[in-house]
Amino acid sequence: MFDPKLIRNDFPILSRQVHGKPLVYLDNAATTQKPHHVIEALRRYYEESNANVHRGIHTLAEEATALYEQAREQVAHFIHAPSARSIVFTRGSTEAINLVAQAWGRWALKPGDEILLTEMEHHANLVPWQLIAQATGATLQFVGLTADGTLDLAHAQALLSERTKLFAVTHISNVLGTINPVADLIRQAHAVGALVLVDGAQSVPHLPVDVQELDCDFLVFSGHKMLGPTGIGVLYGRPELLEAMPPFQGGGEMISNVWLDHATWNEIPWKFEAGTPHIAGAVGLGAAMEYLSALDMAAVRAHEQSLVAYALSAFERLNHDIMIYGPKDPALRGGVIAFNYQNIHPHDVGQFLDGEGVAIRAGHHCAKPLMRRLGVVATARASFYLYNTTQDADRLIAALQKTKETFSVVAHR
Ligand code: PLP
């Protein structure tokens with residue numbers, strides 16, 4: 001039985017106070033809190049098994065290597081990858097996308113080729129493609145949005161052509177919360193011979209993702225957004241693509257043999273892991289996946305969907321003072337709700353809410369082109385996760401009501 005009240009007990013930080021009030025943490029799209037299980041795995045790793053991986057012949061090095069490679073197996077299992085060979089550890093989603101842009105892009109793209117993106121991408125799934133387009137002569141195309149913040153699917157279909165070499169698309173928007181129909185988009189892209197990279201930064205932590213069922217070519221996500229440590233992330237790639245792609249960075253670990261003037265490459269996935277990796281990070285991510293699997297990702301999704309439905313209807317208590325971005329139907333959105341409140345600047349809203357113990361985010365959310373498309377410079381954003389409750393949503397609404405009262409008093413002085 002999925003019980004967020006019991007789950008909260010696993011997260012020590014959630015029992016702290018902020019400005020004398022119990023913390024309500026609603027900034028989960030930025031990063032998530034860590035359960036005892038993850039903190040304990042990190043502590044145990046450093047206290048008992050810390051060593052560098054792959055190169056040592058002593059017991060600690062063997063233990064560290066086994067733990068690191070076991071984490072890779074756990075990741076493969078979590079996203080139902082056919083083998084751990086297809087799992088590359090990176091620093092996060094951003095580095096994973098840069099890896100594909102640089103390694104695959106430099107090798108595969110030429111002038112006249114097109115990279116298809118959407119108007120709702122995070123800068124992490126935009127700027128790496130701008131850089132590689134400039135370097136290769138490929139051009140960028142963008143799928144537009146409908147009025148309710150979903151992808152314009154007819155536009156996507158119209159833009160896909162034999163010139164499209166890659167479609168890089170977010171699974172869930174970190175601003176609009178929109179869940180994109182990636183399985184259909186992948187089918188359509190494959191029909192014209194394009195590869196598909198799915199930005200799973202906001203989806204893998206929140207709902208079941210099966211790379212074989214989706215049939216994506218690349219999937220990226222970040223450990224810190226799914227209860228794991230910062231500085232560790234994942235690139236899933238089809239093994240045959242990873243085999244064919246040249247390396248991303250050079251250095252130790254990614255080589256098979258080295259001469260003064262040239263080198264040969266290690267097997268995948270290590271070909272893409274130059275230098276000492278974030279071993280403890282991988283171990284912590286493995287523990288986070290154990291924790292999430294025990295809860296069941298379908299239950300995590302169901303909880304968030306009902307919480308967002310509750311929050312969206314609770315927002316109605318604020319009458320017409322609030323502008324909410326993205327689809328109205330909770331079935332079409334993840335746990336992210338971006339909004340603007342009266343004419344109060346989102347930074348002021350965020351600061352006032354902090355005073356009430358409620359942590360939200362305010363700003364452009366690394367999606368400046370989307371902000372322009374929405375006609376705003378910034379929004380406030382509340383984002384929910386498995387440990388949030390309807391009481392958290394109520395605290396948010398109550399704090400917003402108080403914000404309005406305070407600001408209208410100030411405005412009338
Ligand atoms: N893609 C999306 C949709 C995101 O929301 C984020 C982070 O907010 C990223 C990519 C980048 O993730 P990271 O900063 O962990 O590399």
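Side chains included, hydrogens not; waters and symmetry mates left out as well; all remaining heavy atoms used. First listed ligand is number 1; within each ligand, the first listed atom is number 1. This chain uses plain numbering: 1 for the first residue, then up along the sequence.
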* Which of parallel (below 30°), tilted (30 to 60°) and perpendicular (above 60°) describes Phe315 and Phe339? -> tilted

* Strictly by modelled atom types, are Thr118 and Glu121 linked by a side-chain donor-acceptor pair under 3.5 Å? -> yes

* Considering only heavy atoms, does Ala124 approach ligand 1 within less than 4.0 Å through its side chain, its backbone, both, or neither? -> side chain

* Structure fact -> For His122, the ligand 1 atoms with a heavy-atom partner under 4.0 Å come out as 1 (N), 2 (C), 3 (C), 4 (C), 5 (O), 6 (C), 7 (C), 8 (O), 9 (C), 10 (C), 11 (C)

* Relative to the heavy atoms of Asn174, which atoms of ligand 1 are at a distance of less than 4.0 Å? -> 5 (O)

* Flag, side chain of Lys165 to backbone of Leu195, donor-acceptor distance under 3.5 Å -> no

* Number the atoms of ligand 1 from 1 as they appear, then name those within less than 4.0 Å of a heavy atom of Ser222, with their elements. => 12 (O), 13 (P), 15 (O), 16 (O)

* Asked: Is Arg43 salt-bridged to Glu47, cutoff N-O under 4.0 Å?
  -> yes

* Is there any N or O on Thr170 that sits under 3.5 Å from an N or O of ligand 1? -> no

* Asked: For ligand 1, which atoms sit closer than 4.0 Å to a heavy atom of Ala201?
  -> 1 (N), 2 (C), 4 (C), 6 (C), 9 (C), 10 (C)

* Structure fact -> For atom 5 (O) of ligand 1, the closest protein heavy atom turns out to be Gln202 NE2, 2.7 Å

* Structure fact -> Judged by heavy atoms only, the candidate from His224, Lys225, Arg361 nearest atom 7 (C) of ligand 1 is Lys225

* To do: Compute the minimum heavy-atom distance from Asp199 to ligand 1 and say whether it is under 4.0 Å.
  => yes

* **Protein residue, atom and distance nearest to atom 14 (O) of ligand 1, heavy-atom basis** => Thr94 OG1, 3.6 Å

* Do NZ/NE/NH1/NH2 and the carboxylate oxygens of Glu69 and Arg72 come within less than 4.0 Å? -> yes

* Under 4.0 Å between a Lys/Arg side-chain N and an Asp/Glu carboxylate O for Arg85 and Glu243? -> yes

* CZ/Arg91 to CG/Leu99 distance, rounded to the nearest 0.5 angstrom? -> 11.5 Å

